[in-house]
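Single-structure report; data block below.
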2 protein chains.
Amino acid sequence: MLKMRKTTIKGVAAAAGVSVTTVSDALSGKGRLPDATREKVQAIANQLGYRPSAIARGLRGSGIGLVGICIAPAGGGGVLTDVSYWAAIVTHASQAFLSDGHAAVLLPHDVGLLETLHIPLDGVIVVDPLERDPVLTFFEDRNIRCLTIGRDVSKTESIWVDDDTATGVRRLIEATISPGTKLAFLRVGPIKSYVTDAISGARSWAADGGGTLSIHQCAGLESEHVAHTVREAVHEGATAILTQNDRLALRVRDVLQAMGRDVPGDVRLLSAADAMELGQGPVGISAARPHPARLAEMAAAKLLDMIRGQPDVASTMSPMEVSIRESAPLL
Amino acid sequence: MLKMRKTTIKGVAAAAGVSVTTVSDALSGKGRLPDATREKVQAIANQLGYRPSAIARGLRGSGIGLVGICIAPAGGGGVLTDVSYWAAIVTHASQAFLSDGHAAVLLPHDVGLLETLHIPLDGVIVVDPLERDPVLTFFEDRNIRCLTIGRDVSKTESIWVDDDTATGVRRLIEATISPGTKLAFLRVGPIKSYVTDAISGARSWAADGGGTLSIHQCAGLESEHVAHTVREAVHEGATAILTQNDRLALRVRDVLQAMGRDVPGDVRLLSAADAMELGQGPVGISAARPHPARLAEMAAAKLLDMIRGQPDVASTMSPMEVSIRESAPLL
DNA sequence: ACTTCAAGAAGAAACGTTTCTTCATGACAG
DNA sequence: CTGTCATGAAGAAACGTTTCTTCTTGAAGT
């Protein structure tokens, strides 16, 4: 394999017997050149396999069309993101960027790793920021335009796109839980905005005379932790359980079954976040339906607006529909 | 918001009353400077929020640590990649890159779109290249190091990583199909290397006296097309069907059921590519198990080796295990 | 007191583009 | 014959780094 150095604009200029200016103009269609020159230069550039260096271009201009998607990796348990949620966001966002001539870089949701990278980003989408997320500070420090999917409740001036979980959850409860019921909210893991929202939706239902609400923190997704929390809730008289997300809901369903409680006969079960798995199994679980794909597209579009310098980019709530299943049928 | 231009190395030099050389040296730890100067410069750089421009850096050196993952988007039907396969490859490859200080850019498997992008890539992983894939030519033309997951059978000099589908499929057949059986291979869509391999695995089984093999091309994944092809195969006397992949296998199972044929009683059913869904339902489908995660990690590691300039990077086959389920139990 | 040397720091080239400015030429009008 | 203009093309600056080279200074060795 010939290890020759890449042909640069200088090489083309020399080969064509013209100046670099002429080459640049000929290839970009600018300047005033007769067609003859233009074609000659193009032919030679072509023949030499000349490709302008994106880096050199970027040095002069503003950026090279890169946007980041900052998201915790998908997979197993723990704080990892659910695979289909992850895939929906990543595919839809990157497609949206692509059709605008930008390319998406996958970034870790981790400042330590981010610091090892040195990438010229035009902007970044941060997915599910935590409260006072250091990742947001990281990008702010570097003056990189940032938009979040899900909100960092502690930052008021930031721009986000989010499911309207509060309203969605309230509608879900109203549709399936009879007034006066004792409802237990089960949460787990770090605080994300949708959890806060789900709670405030449930609170507003309770405050408006829907019923009473108690909140329980699960130590983890392992069966024993979930069982402990469920027992606690049931012992306090709860006859309806609302979980933070799909995975927790599935565990709760199993735990209730193991305890011999009928769903929905003894306890009605709801999830604040829908997922395909909730529709499977003998007792499907009712849930509010998030729209990762739609959020990703909206986020990408807005971020591109910001990059183009539009001044009036605003945050947006996306309305949620509800999926009614066996675990909590319509009243 | 203050719209000041980014602080550059010149700004720091001016503020510190030293030359740019000194700033560069102080921050990078090179050159010979007394600690006093070093610290002073660092303090000022810090205070000014100075971040060296990755682009400028890249201009001088070789690259900015970007690698591409070129893969057809995941989702619905058509030529799109299966979601879990897609996610496994993208997460594992990008994680591997990340831990080496590189970041992954998601690229479309589409020359038209690639041409609109101008990104300085150190290398790229092309997932499931088609035969004589123009995408490979695209990267070759641009002198970008390229490694494929799955092979382009027409390019012999390229470097790849792949499941050993031929051996896996042959083992699968040997374990579940009795000698002398008429086996029908059903394929669909564009030719990818794993299909060629699956066929050659089946061929070698047939050639060594295992049984007879016929190959059928399905016009599409829609029920009517699948039904047509299955009818054809069964009419020719096939009592075992091997499908190209999981989705086709699922359709075939439904079609057989609709035709009133018992699986595995009347017809044994196999898939050349396993997926989670094959384990679900009353009649799980036996299959050879690909390892997208492992392939992605191997591919990333090898590509990084190539980028580092290692001369002896070789292609690798990854052995496949088989999943035995109800549709074709062990003999 | 004169050379030699090392430390500290600055200068300047190079990386590959784009773009603003300038220059030369010839045509045309006065 | 001279001044104006348009055309075609080259020159050079700028983008922000890194790194190789050079320069200055003071200290040490003879």
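Quick note on labels: first sequence line is chain A, next is B, and so on, each numbered from 1.
Ion pairing between a basic and an acidic side chain is recognised when a charged N comes within 4.0 Å of a carboxylate O; A/R151 and A/D162 show such pairing. Between A/D305 and A/R308, at least one side-chain nitrogen of the basic residue sits less than 4.0 Å from a carboxylate oxygen of the acidic one, meeting the salt-bridge criterion.
For A/E131, the salt bridge (charged side-chain N to carboxylate O under 4.0 Å, His left out) test picks out no residue, with sequence neighbours left out. Not counting sequence neighbours, B/E39 has no partner by the salt bridge (charged side-chain N to carboxylate O under 4.0 Å, His left out) test.
Dashed line: the shortest gap from a side-chain N or O of A/S19 to OP1 or OP2 of D/dG11 is not under 4.0 Å.
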Exercise. Sugar-phosphate means primed atoms, P, OP1 and OP2; the rest is base. With that split, encode nucleotides 16-23 of chain D 5' to 3' as B, S or - using protein heavy atoms under 4.0 Å.
Key: BBBBB---
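Judged by distance alone, the side chain of A/D122 and the main-chain N or O of A/G65 form a donor-acceptor pair under 3.5 Å.
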